[in-house]
Asker: 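Got a structure for you, questions after.
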Amino acid sequence: MNRNPRYDILFEPVRIGPVEAPNRFYQTPHALGTGNAMPHTRAAMREVRAEGGWGVVNTGYCSIHPSSDDTPLPYCRLWDDKDVKVHALMVDAVHKHGALAGVELWHGGSGVGNHMTREAPLSASGVARHSTYPGWMSLQNPRSMDSKDIRELRHWYVEAARRAQSAGFDVVYIYAGMGYGPYEFLLPWLNKRTDEYGGSLENRVRLLRETLEAAKDAIGRTCAVAVRFSSDELLEVPGRDHPSQAHEIVALLAEIPDLWDVKSSDWTVETASARFSEQAAQEPLNSFVKPLTSKPVVGVGRFTSPDEMVRQVRSGILDFIGAARPSIADPFLPKKIDEGREDEIRECIGCNICVSAYHDGVPVRCTQNPTMGEEWRRGWHPERIPAGDPAKRVLVVGAGPAGLECARALGQRGFKVTLAEARDELGGRVTLESALPGLATWARVRDYRTHAIQTMANVDVYRESMLTAQDVLDLGCDHAVIATGASWSRKVLGTRGFPTDELEGDAVYTPDDILNGTVVDSPVVIYDFDHYYMGSCLAELLRRQGHEVVIVTPANAVSAWTFMNNERTYIRERMIELGIEVELECLVTDLVNGGLQLTSIYRGGDAATRECGSLVVTGARHPNDQLLRELTADVNRTTNAGIVSVHGIGDCRAPGAIVHAVHAGHECARTIEDGAHRPVAWERASI
């Protein structure tokens, strides 16, 4: 197919100082959860974006000196010449596909604890932003930088830039955002200096100006020098000659960097999930830049629509369409637009599972793209998959996220696939949960896969087809895949921290009941020890229906796990906005005659009783595995029916998040004829 002409503007080359990007698709710097310890994994994860058509592909944050140590989080570094080879591996992989390679040079200033190197954190004037997350807390205050420290900081940037140049990078960033390094000098509340680097805005900008100029002098003939700048805090500070100090900083430095990359200072804002932000939500933070500079501007906004991308360019907001999460969900997004295959884009759902993987310190995962993080160690590619035997027949029972992905990938491999779903509508839990407040984009998990399956002549779909074990045996398949999902339980959490007995009674419900339209009575108490989105989403849904709602949780925060995907603060704010009461650090022990018994999780803590019209237990899920157990109980029975293998995947095997179900479905499709998992490659430290 040919490209739609209205998208031609996205494929125009754009000059960035001494180099030229082949198009406007720009994979912005973002962490991958690999650091320097996993160079092959990192190179493969970046290479697939270049292959998919992203014109510029950047590293994540890359430390320039041991005084910028983010351990235990996995960050990149360019501390000495030995680090160059690690980065060259990625650069070569990106260049292989005609893309530019960029590196984000980073000094954490007072924003890091230097837990590994044990160097005292540096700051503009001894003032630090204090984190409330234990992993980021530091018991040591930063020290104020003297004139020697400032000279050394500029020197570290220049030396790192030279190393980046020798590694082959085309674009070299000076990172001045998110409270790090030079950005601290820009903020009047962090910069209390009285020398030439403090006081007036011109003085506070001095360090960033000198660093940019020094880097350009060192490498500017062959490498573009970019600046990444956080604007939101300074947009709130009135300027002298412009509407804000953010405007004034851009005006003062306008023509020095070869590219402006503008973002928020708060990572939870920059990566706000789809539940709490729309596409292009960063526009108020970057739309003021282009009128102030002739240099190209890049910004992010979880862009998935090519029409919105065109609007950003034609409206004079951005020159480059920056992306992190959309490039993870579909590394081939640019190529699909270029080839007129927009309907094949695997759109980011904005769930932020990728963010949580970074917090876990592991390679980034993705709900939509199960190959993410598996490119090198398993050889998985997001668009290519080994061909299977077209004579082999595979039955997939259940069309939830695991079953749909398995059927789609099996169909792509060429197997003859039958997909049987008990309900009339495909999607399983995705269809139900995407109706919850803020989760509409999650339907893309279903829609991408059902659309792909509809194009495959070798995949037959049967709705309203509840199969028994005998039905499976009679169908005459070579392989059977059971993806029958899981159900929420009424079990409550015991004092030892695991689910015990189910609470009985007419007023006790599960999320399944609510999602299927059961009417409940107020006041509604949601007992949430799932700790992810379900409890707070149900609370919001029921509150908007007019119910009085209370959330009870044994954790010290509502939806406690969602710190990991940057949603927790937003969820708490939403609960306050809606007037949803919260009882923290409590166990539910009984419900008798409309009185809910609560007990503190702490030994000797208080017990209480509160009114409860309906209790929704949101905690444990149990697999719907009866069909799987029946089929695997007697191997001779399935063998005699001609079935070579029976596989249980997704929630019916091990209940988890949607990302786990999709990955399980994909893995099963790739390995269905192996009899065992294929060997996995592991990064090993060289001695």
Side-chain angles (χ1 to χ4, degrees), residues 429 432-433 436-437 439 486-563 567-568 571-572 574-576 578-603 605-623 651 655-657:
R429 62 180 288 192
L432 293 172
E433 293 176 14
L436 287 168
L439 302 191
S487 299
W488 289 91
S489 166
R490 289 178 173 79
K491 288 184 177 180
V492 295
L493 203 63
T495 57
R496 297 185 182 275
F498 56 86
T500 55
D501 297 328
E502 290 200 354
L503 278 185
E504 301 295 339
D506 294 337
V508 181
Y509 304 96
T510 71
D512 290 326
D513 297 320
I514 308 303
L515 291 171
N516 284 295
T518 298
V519 178
V520 297
D521 296 323
S522 288
V524 181
V525 177
I526 296 174
Y527 181 31
D528 180 20
F529 54 95
D530 174 62
H531 305 307
Y532 191 13
Y533 57 89
M534 184 58 72
S536 61
C537 278
L538 290 177
E540 182 175 350
L541 175 71
L542 293 168
R543 182 66 180 136
R544 293 188 186 281
Q545 290 175 357
H547 290 284
E548 180 184 344
V549 181
V550 180
I551 295 180
V552 174
T553 177
N556 62 2
V558 174
S559 301
W561 181 88
T562 60
F563 164 82
E567 283 188 333
R568 192 172 69 183
I571 289 172
R572 185 68 181 111
R574 181 65 55 80
M575 299 301 101
I576 294 170
L578 294 175
I580 295 170
E581 189 180 347
V582 173
E583 291 267 12
L584 302 178
E585 301 174 333
C586 289
L587 298 173
V588 169
T589 53
D590 206 353
L591 176 61
V592 180
N593 297 325
L596 187 68
Q597 296 180 8
L598 305 180
T599 304
S600 169
I601 64 170
Y602 299 109
R603 187 176 301 172
D606 295 334
T609 301
R610 70 175 304 145
E611 182 185 1
C612 177
S614 304
L615 174 65
V616 183
V617 181
T618 308
R621 296 164 66 219
H622 56 77
D651 288 345

Asker: Looking at every heavy atom in both I601 and P554, which two are closest together, and how far apart are they?
Answerer: CD1-O, 3.5 Å
Asker: If you measure from OG on S600 to CD on E583, what distance do you get to the nearest 0.5 Å?
Answerer: 10.5 Å
Asker: Indicate yes or no: at least one non-hydrogen side-chain atom of P523 is less than 4.5 angstrom from one of V550.
Answerer: no
Asker: Which atoms form the tightest heavy-atom contact between L591 and G594, and what is the distance?
Answerer: CD1-C, 4.2 Å
Asker: Is there a donor-acceptor pair under 3.5 Å between the side chain of D651 and the backbone N or O of G656?
Answerer: yes
Asker: According to side-chain contact (heavy atoms from CB on, under 4.5 Å), who are the partners of V582, at least two apart in sequence or on a separate chain?
Answerer: V558, R572, L584
Asker: Which value, rounded to the nearest 0.5 Å, describes the distance between Y509 atom OH and L503 atom CG?
Answerer: 13.5 Å
Asker: Could you tell me the separation between the OG1 atom of T510 and the CZ atom of R490, rounded to the nearest 0.5 Å?
Answerer: 5.0 Å
Asker: Answer yes or no: are there more than 12 heavy-atom neighbours, outside N516 itself, under 6.0 Å from its atom CG?
Answerer: yes
Asker: Measure across V525 and E611 and return the closest heavy-atom pair with its distance rounded to 0.1 Å.
Answerer: CG2-O, 4.3 Å
Asker: From L587 CG over to L598 CG, what is the distance, rounded to the nearest 0.5 angstrom?
Answerer: 9.0 Å
Asker: Under 4.0 Å between a Lys/Arg side-chain N and an Asp/Glu carboxylate O for R621 and D512?
Answerer: no
Asker: Please report the interatomic distance CD1(I551) to CZ(R543), rounded to the nearest 0.5 Å.
Answerer: 12.0 Å
Asker: Taking S489 for its side chain and H622 for its backbone only, find out whether a donor-acceptor pair lies under 3.5 Å.
Answerer: no
Asker: For residues V617 and K491, determine if any side-chain heavy atom of one lies less than 4.5 Å from a side-chain heavy atom of the other.
Answerer: no
Asker: Is the number of heavy atoms from other residues, nucleotides or ligands under 6.0 Å of E548 CD greater than 12?
Answerer: no
Asker: Might you point out which heavy atoms bring H547 and S522 nearest each other, and give the distance in Å?
Answerer: ND1-OG, 2.7 Å
Asker: Please find the pair of heavy atoms, one from L439 and one from C537, that lie closest to each other, and give the distance.
Answerer: CD1-SG, 4.0 Å
Asker: Within this structure, what is the OH-OG1 distance for the pair Y532 and T618, rounded to the nearest 0.5 Å?
Answerer: 15.0 Å
Asker: Heavy atoms only: give me the nearest L436-M534 pair and the separation to one decimal.
Answerer: CD1-SD, 3.9 Å
Asker: L541 vs Q545, test: side-chain contact (heavy atoms from CB on, under 4.5 Å). Steps then yes/no.
Answerer: CA-CA 6 Å; L541 175 71; Q545 290 175 357; 3.8 Å; yes
Asker: Between Y527 and L596, does a side-chain contact (heavy atoms from CB on, under 4.5 Å) hold up when you go through it step by step?
Answerer: CA-CA 11 Å; Y527 181 31; L596 187 68; over 6 Å; no
